[in-house]
Amino acid sequence: MIEVVASMARGPVFWAGEVLECLITFTNPISHLSTSASSEMLAWASAQIHCQFHASESRVALPTQGTKQDVQAESDTVLIPSRGERGQCVLDTPPKILFCDLRLDPGESKTYSYSEVVPTDGPPSFRGQAVKYVYKLTIGCQRVNSPIKLLRVPFRVLVLHGMPEPPFPQDEEVAPSNPFLEEEEGSRRDTRPLERALDMLMITTSRRCPYMFNITNVRGKVAKFCIFKTVYRLGEDIIGTFTFSEGDIPCLQYSVSLQSEEEVQEQYQRRPGQAVSVTAHVRHLESCLHTASSHFSLPVPLNVTPGFTTDIVTLRWRLHFEFVTAREPVEAPVVLQNQSEVTVWTGAEHVEVDTFSWDLPIKVLPTNPTPASYVSQFTGTNSINI
C-alpha cells in the first residue's frame, strides 16, 4: 500500500492568473500489524487542474451533445481528470508528469512539487441554483497492470475582471518603496502582477463619494438615504444611513438585505421569461417609529461569489429595501420638561400601513485570497491509499 497526500500550503483559495503550488507526498508506511514489509512500485503519476460545470436540468437548457464516444476515455489506463464527475469539464490545464517508475522502500517517502498558473479564461468558483463551477486539482497514479487511481483536491478560484484603467502610469509604484530594502532586479509591477491587481482592487473599493436618495411612496417622502459607495470587496461592511426627520410619512419599520441575482442567459433558459433566482445572504431589520435617524451595517460574506458573467449565467448583486409606513400620522409620546416620574408610552394597537420595496444595484469584487481561505469549505488537503 502507498499513501498519497496532497497539500496546498498557502490555502485553498486562489486568484485566476496566480500560481497554484501543491506538495504531493508518496509514502510506503510500515504497519505494526504486518510481519514483513516489501518495496512498493508506482509506474507514474501526473497532476492537472480542471473546472467542472454542472447545470440544473429544471432551469438550464443546454444544447444536446452528440453521442460520439472517446475510445480512450473508456480505458482505465488513460488519465481523464473528470472521470466519474457530474457535468462537463469546461477547462483543464495540460497534465504534468511528476515521476515515472517510483520505488519506495518500507518507511520511505518522497515529495514532489506541482505548480501551475490558474487559467485566467475560466469562470470563478460558484455554486448557484442554476449552475455550478467547481475547480479541482487531480493527481493520477497507476501501478503496473492496474487501473488509474485519482486523488482530487478541490479549491476556490476568484476572478478579477471589469476593473477600470489604473489612474497612474504603469511604471509608478502604488505604495512608497522602502529605502532600506534593496530593490529586486526589474520593477515590482513587472515581477508581481497579482500584487498590482490587489493594489488596483484596494484603490477601486476605497473610493468614497456620498450617494443621496429620497425614499418616497405614493403618499409622500419617507426618508433620505445616504450610502458612501456602491463597490465593495468580499469581507467589507456595507454601511448606510437613514434620516427620517426629513420625511413626511411615518416609517414604522425597515429592512435591508444583501441579495444576489442569478440569471440564466435567454438562449439557455428552460422556460421563456424564466424568473431570476434571488438569494438573500445578510439581513438587517429595525423598528424606527419616532426615530430621527438610523443606520445599518451589512458584512459582505467572504464565502460568496463576486459578480460575473459567462455565456450561460450572470450573477449580480443588490441591496433590497423594504419599508412599512403608516397611512396616518402617529402621535409621539409627550414628555414634560420638569416631569420626574417615569412615563410609559403604549403604541397604538391598530395602525393602517403601506409596504413598499426598493432595489439598489451594487458591485461585489474579490478580495485577497488569504483571508478568504480562513472561511473556505475546502481544506486544501486530501489523501488516498493505493
Side-chain angles (χ1 to χ4, degrees), residues 13-18 120 122-126 128 133 156-170 172-175 189 193-215 224-243 254-263 276-284 295-310 313-321 357-375:
V13 182
F14 299 87
W15 269 355
E18 188 178 4
T120 57
S125 298
F126 177 61
Y133 294 101
R156 182 185 178 191
V157 173
L158 300 174
V159 177
L160 184 63
H161 59 81
M163 296 290 292
E165 291 296 324
F168 42 77
Q170 290 298 309
E172 281 187 24
E173 292 286 346
V174 172
R189 291 186 167 279
L194 290 174
E195 289 192 8
R196 182 170 70 250
L198 181 58
D199 291 336
M200 280 305 307
L201 176 65
M202 297 296 291
I203 291 174
T204 302
T205 56
S206 297
R207 293 172 180 162
R208 293 178 178 269
C209 177
Y211 296 87
M212 298 291 186
F213 301 89
N214 288 322
I215 309 298
K224 177 182 285 187
F225 173 65
C226 175
I227 193 169
F228 288 96
K229 61 178 186 174
T230 57
V231 180
Y232 302 87
R233 63 183 181 274
L234 300 181
E236 271 197 290
D237 289 334
I238 303 174
I239 299 175
T241 61
F242 290 99
T243 304
Y254 75 89
S255 67
V256 188
S257 301
L258 175 63
Q259 297 181 345
S260 60
E261 300 176 293
E262 181 185 358
E263 182 178 10
V276 176
S277 301
V278 177
T279 302
H281 300 271
V282 189
R283 185 168 183 257
H284 175 88
H295 76 279
F296 66 87
S297 177
L298 293 179
V300 182
L302 283 168
N303 58 351
V304 300
T305 302
F308 72 96
T309 298
T310 66
V313 72
T314 295
L315 183 72
R316 294 184 296 266
W317 288 87
R318 71 183 186 185
L319 292 177
H320 179 72
F321 299 83
S357 61
W358 171 53
D359 293 322
L360 176 63
I362 63 171
K363 279 188 176 183
V364 175
L365 300 179
T367 188
N368 191 319
T370 302
S373 297
Y374 299 148
V375 297

What are the two closest non-hydrogen atoms of [X] and [Y], and how far apart are they?
X	Y	result
Ile239	Ser297	CG1-OG, 4.0 Å
Ser125	Val157	OG-N, 2.8 Å
Phe225	Thr241	CD1-O, 3.2 Å
Pro366	Leu160	CD-CD1, 3.7 Å
Pro123	Val159	C-CG2, 3.8 Å
Thr205	Leu201	OG1-O, 2.9 Å

Chi angles and distances behind the side-chain hydrogen bond (donor to acceptor under 3.5 Å, both in side chains) call for His320, Ser357:
CA-CA 7 Å; His320 179 72; Ser357 61; 4.6 Å; no
Distance in Å, [X] [atom1] paired with [Y] [atom2], rounded so as to fall on 0.5 Å steps:
X	Y	atom1	atom2	value
Leu315	Phe308	CG	CZ	5.5 Å
Arg318	Asp359	CZ	CG	4.0 Å
Glu263	Arg316	CD	CZ	4.5 Å
Asp237	Phe296	CG	CZ	11.0 Å
Thr243	His295	OG1	NE2	12.5 Å
Thr230	Arg208	OG1	CZ	12.0 Å

Checking side-chain contact (heavy atoms from CB on, under 4.5 Å) for the pair Trp15/Asn368: CA distance, chi angles, key distance, verdict?
CA-CA 8 Å; Trp15 269 355; Asn368 191 319; 5.7 Å; no
Is the shortest heavy-atom distance from the side chain of Pro301 to the side chain of Leu258 under 4.5 Å?
yes
Are Lys224 and Met212 side-chain neighbours, meaning at least one heavy-atom pair lies under 4.5 Å?
yes
With sequence neighbours excluded, what pairs up with Ser277 under the side chain to side chain contact (heavy atoms under 4.5 Å, CB included) test?
Arg59, Gln129, Glu262
Partners meeting side chain to side chain contact (heavy atoms under 4.5 Å, CB included) with Leu302 (sequence neighbours left out):
Leu234, Thr367, Val375
Could you walk me through whether Lys229 and Glu236 satisfy the side-chain contact (heavy atoms from CB on, under 4.5 Å) test, starting with their C-alpha distance in whole Å, then the side-chain angles of each, then the deciding distance to 0.1 Å, before giving a yes or no?
CA-CA 12 Å; Lys229 61 178 186 174; Glu236 271 197 290; 2.6 Å; yes
Determine whether Ile227 and Leu319 satisfy the following criterion, side-chain contact (heavy atoms from CB on, under 4.5 Å), listing intermediate values before the conclusion.
CA-CA 11 Å; Ile227 193 169; Leu319 292 177; 3.9 Å; yes
Under 3.5 Å side-chain donor-acceptor pair for Ser255 and His284
no
Name of the residue among Trp317, Phe126, Tyr133 meeting side chain to side chain contact (heavy atoms under 4.5 Å, CB included) with Thr305:
Phe126
Using 30° and 60° as the class limits, which term best fits the ring planes of Phe242 and Phe321: parallel, tilted or perpendicular?
perpendicular
